[in-house]
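These notes concern the structure reproduced below.
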Amino acid sequence: MNYGALIRRIRQAKHVRLTDLADDQLSEALLSRFERGQTDMTLNKFIHLLTRLHVTPDEFIAHTEQHEDGHEPYANNGAFFGHFPSFFFRLEASGHLEEPHKVLREAEDLLQITEKEYRASPTRWHLISLRGAQLHLRRAKQHLDPQYMTTIDFTPVKEYLLNLDMWTSVDMWVYAYFLTQLDDDANHLILQAAAKHIPNHATVSSWRDVLFPVGEAQFVTFMSHHRLEYARDALDVLNKIKTNLRPQEAMNAEVRLNFLTGWLNLDQGSDRQTALRQMDDAISIFSILHYDWETRYYSSLKAKITGKDPTPIEPDIFI
């Protein structure tokens with residue numbers, strides 16, 4: 001396999017220029033020769049190259065069609081995801097933010113770091129990271145003051161996601177983080193594009209934690225906005241995702257899908273008792289399995305759907 005040629009295809013599909021990829025470890029000339037198959041590079045430099053492209057090693061191996069089941073040498077390596085894992089809040093069992101004042105200080109520090117990185121290298125990735133840090137700080141402040149609001153321009157994020165010719169798990173993390181900030185029409189297009197690039201290998205570990213939550217958050221968003229046609233498409237994507245999950249994960253996904261299908265049937269005007277029973281059955285299964293978080297979450301969501309709880313449904317994503 002010509003790894004250089006594959007690197008070039010990935011780079012071009014993600015619309016990354018050689019000049020943006022080069023740094024103090026990878027010269028533009030070296031990258032160009034490597035892509036043309038005229039030179040090799042050390043393993044350390046190659047892993048650094050994948051990091052710059054935001055492609056995890058297990059994804060790259062899967063693309064070479066030499067991936068072995070169960071082999072996950074780089075699972076959960078945060079370097080490939082940049083700052084994005086730090087942007088997702090850790091919630092207590094009650095749903096409240098853990099140590100909100102500490103989180104606020106950390107968010108302020110992350111904003112300073114991403115601003116410095118963007119000034120030093122004003123690439124598209126650093127701009128997206130900066131927008132992520134700005135949103136992270138805004139959300140942290142809103143936990144302390146729900147009335148707090150500041151305007152953030154998410155146009156670079158939307159344009160990036162809408163123009164991707166190839167998706168990797170890092171792109172899914174970016175999408176997961178920003179999806180509640182994008183309009184329904186853009187989200188519908190982005191979700192359909194992302195679904196075409198879901199790996200067929202259930203063992204591509206870097207996709208596991210984010211796939212189903214992304215589709216479910218989009219479904220909830222579309223349902224809360226009464227965009228039933230988009231919600232049906234999101235449900236189709238979720239069913240596709242389920243087929244690529246491991247047995248235990250697939251079972252959990254199946255129960256969630258039963259709840260979501262019941263909600264869609266209810267809003268489409270199907271038999272109300274049958275639709276409610278679908279939701280209740282899902283909640284009962286989670287309760288029997290002692291999945292306490294899922295039991296609380298879907299019970300609360302059902303109360304909002306049926307009007308027993310007048311609190312508006314606010315889509316969010318949990319990774």
Ignoring hydrogens and angles, write down the donor-acceptor pairs under 3.5 Å from the side chains of residues 210-225, residues two or more places apart or on other chains.
{"from": "Glu216", "atom 1": "OE1", "to": "Arg256", "atom 2": "NH1", "distance (Å)": "3.0"}
{"from": "Glu216", "atom 1": "OE1", "to": "Tyr298", "atom 2": "OH", "distance (Å)": "3.4"}
{"from": "Glu216", "atom 1": "OE2", "to": "Tyr298", "atom 2": "OH", "distance (Å)": "2.4"}
{"from": "Gln218", "atom 1": "NE2", "to": "Tyr175", "atom 2": "OH", "distance (Å)": "2.5"}
{"from": "Gln218", "atom 1": "NE2", "to": "Asn187", "atom 2": "OD1", "distance (Å)": "2.7"}
{"from": "Thr221", "atom 1": "OG1", "to": "Ala217", "atom 2": "O", "distance (Å)": "2.8"}
{"from": "Ser224", "atom 1": "OG", "to": "Val220", "atom 2": "O", "distance (Å)": "3.1"}
{"from": "Ser224", "atom 1": "OG", "to": "Thr221", "atom 2": "O", "distance (Å)": "2.8"}
{"from": "His225", "atom 1": "ND1", "to": "Asp184", "atom 2": "OD1", "distance (Å)": "3.0"}
{"from": "His225", "atom 1": "ND1", "to": "Asp184", "atom 2": "OD2", "distance (Å)": "2.8"}

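Contact between Thr295 and Ser287 at its shortest, heavy atoms only, is OG1-N, 3.2 Å. Of all heavy-atom pairs between Thr168 and His54, the closest is OG1-O, 3.2 Å. Here the closest heavy-atom approach between residue Gln278 and residue Asn258 is recorded as CB-O, 3.8 Å. Scanning both residues, Ser86 and Leu110, for their nearest heavy atoms gives CB-CD1, 3.9 Å.
Using modelled atom types and a 3.5 Å distance limit, the side chains of Asp40 and Tyr3 yield no donor-acceptor pair. Residues Asn44 and Thr42 have side chains that never bring a donor and an acceptor to within less than 3.5 angstrom of each other. Arg131 and Gln134 are linked by a side-chain donor-acceptor pair at a separation below 3.5 angstrom, with hydrogens and angles left out of the test. If you check the side chains of Ser129 and His126, you find no donor sitting under 3.5 Å from an acceptor. No hydrogens or angles considered: nothing links the side chains of Asp171 and His197 as a donor-acceptor pair under 3.5 Å. For His15 and Asn163, the side-chain atoms include no donor-acceptor pair closer than 3.5 Å.
Although no hydrogens or angles enter the test, the distance criterion places a donor-acceptor pair under 3.5 Å between the side chain of Arg11 and the main chain of Val16. Counting only distance, with no hydrogens or angles, the side chain of Thr114 and the backbone of Leu130 share no donor-acceptor pair below 3.5 Å. Not a single donor-acceptor pair under 3.5 Å links the side chain of Asn252 to the backbone N or O of Gln248. Listed for the Thr243 side chain is a donor-acceptor partner under 3.5 Å among the backbone atoms of Lys240. Side chain of Lys45 to main chain of Gln25: a donor-acceptor pair is present (N/O by atom type, distance under 3.5 Å, no hydrogens or angles). With hydrogens and angles disregarded, a donor-acceptor distance shorter than 3.5 Å links the side chain of Asn265 to the backbone of Thr261. Using modelled atom types, one side-chain atom of Thr51 and one backbone atom of Ile47 make a donor-acceptor pair closer than 3.5 Å.
Atom CD of Glu229 has more than 12 heavy atoms from other residues, nucleotides or ligands within 6.0 Å. By the neighbour-count criterion of 12 heavy atoms within 6.0 Å, atom NE2 of His101 is sparsely surrounded, having that number or fewer from other residues, nucleotides or ligands. Counting heavy atoms of neighbouring residues, nucleotides and ligands inside a 6.0 Å radius, atom NZ of Lys158 does not exceed 12 of them.
Between the CG atom of Leu191 and the CG atom of Leu182 there is a distance of 11.5 Å, given to the nearest 0.5 Å. Rounded to the nearest 0.5 angstrom, Leu137 CG and Gln112 CD are separated by 10.0 Å. To the nearest 0.5 angstrom, Leu135 atom CG is 4.5 Å from Gln181 atom CD. To the nearest 0.5 Å, atom CG of residue Leu53 and atom CG of residue Leu21 are 5.0 Å apart. How far CG of Leu266 is from OG1 of Thr274: 10.5 Å, rounded to the nearest 0.5 Å. Here the straight-line distance linking atom CD1 of Ile7 with atom CD of Gln12 works out to 11.5 Å at 0.5 Å rounding.
Residues Leu144 and Leu111 share a hydrophobic cluster, clusters being chains of Ile/Leu/Val/Met/Phe/Trp/Tyr side chains in contact below 4.5 Å. By the criterion of side-chain heavy atoms lying less than 4.5 angstrom apart, applied directly or through intervening Ile, Leu, Val, Met, Phe, Trp or Tyr residues, Ile288 is not grouped with Tyr297; the two fall into different hydrophobic clusters. One hydrophobic cluster, built from ILVMFWY side chains closer than 4.5 Å, cannot hold both Tyr148 and Phe87; they sit in different ones. Cluster membership check: Leu127 does not share its hydrophobic cluster with Ile190, using side-chain heavy-atom separations under 4.5 Å among Ile, Leu, Val, Met, Phe, Trp and Tyr.
Just one of Glu28, Arg36, Glu35 meets the side chain to side chain donor-acceptor pair (under 3.5 Å) condition when paired with Ser32; it is Arg36.
No side-chain heavy atom of Arg9 sits under 4.5 Å from any side-chain heavy atom of Met166.
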Evaluate the criterion side-chain hydrogen bond (donor to acceptor under 3.5 Å, both in side chains) for residue pair Asp267 and His226; output intermediate values, then yes/no.
CA-CA 9 Å; Asp267 278 27; His226 307 292; 4.6 Å; no

Pair Val170-Val55, side-chain contact (heavy atoms from CB on, under 4.5 Å): steps then yes or no
CA-CA 7 Å; Val170 175; Val55 177; over 6 Å; no

Before you tell me yes or no, could you show the steps for Asp309 and Lys302 under salt bridge (Lys or Arg N to Asp or Glu O under 4.0 Å), namely the whole-Å CA-CA distance, both residues' side-chain angles and the distance that decides it to 0.1 Å?
CA-CA 9 Å; Asp309 179 355; Lys302 184 197 170 192; over 6 Å; no

Take Glu59 and Ser169 through the test side-chain hydrogen bond (donor to acceptor under 3.5 Å, both in side chains) and record every step on the way to the result.
CA-CA 8 Å; Glu59 282 181 305; Ser169 58; 3.2 Å; yes

Any chance you could lay out the side-chain contact (heavy atoms from CB on, under 4.5 Å) test for Gln192 and Asp233, step after step, and finish with the verdict?
CA-CA 8 Å; Gln192 297 306 304; Asp233 289 342; 3.6 Å; yes

Applying side-chain contact (heavy atoms from CB on, under 4.5 Å), run through Lys242 and Leu257 and close with a yes or a no.
CA-CA 9 Å; Lys242 185 192 70 174; Leu257 281 167; 3.8 Å; yes

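Salt-bridge annotation for Arg52 and Asp20: absent, with no side-chain N of the basic residue lying under 4.0 Å from a carboxylate O of the acidic one.
In this pair, Phe84 and Trp125 present their aromatic rings tilted. The plane angle is within the 30 to 60° band. By the 30° and 60° cut-offs, the orientation of the rings of Tyr177 relative to His136 is tilted.
Annotation: Phe178 is not in aromatic contact with Tyr160 [ring centroid separation under 6.0 Å not met].
Figure legend: cation-pi geometry between Arg277 and Phe259 absent, as NZ or CZ is not positioned both under 6.0 Å from the six-membered ring centre and within 45° of its axis.
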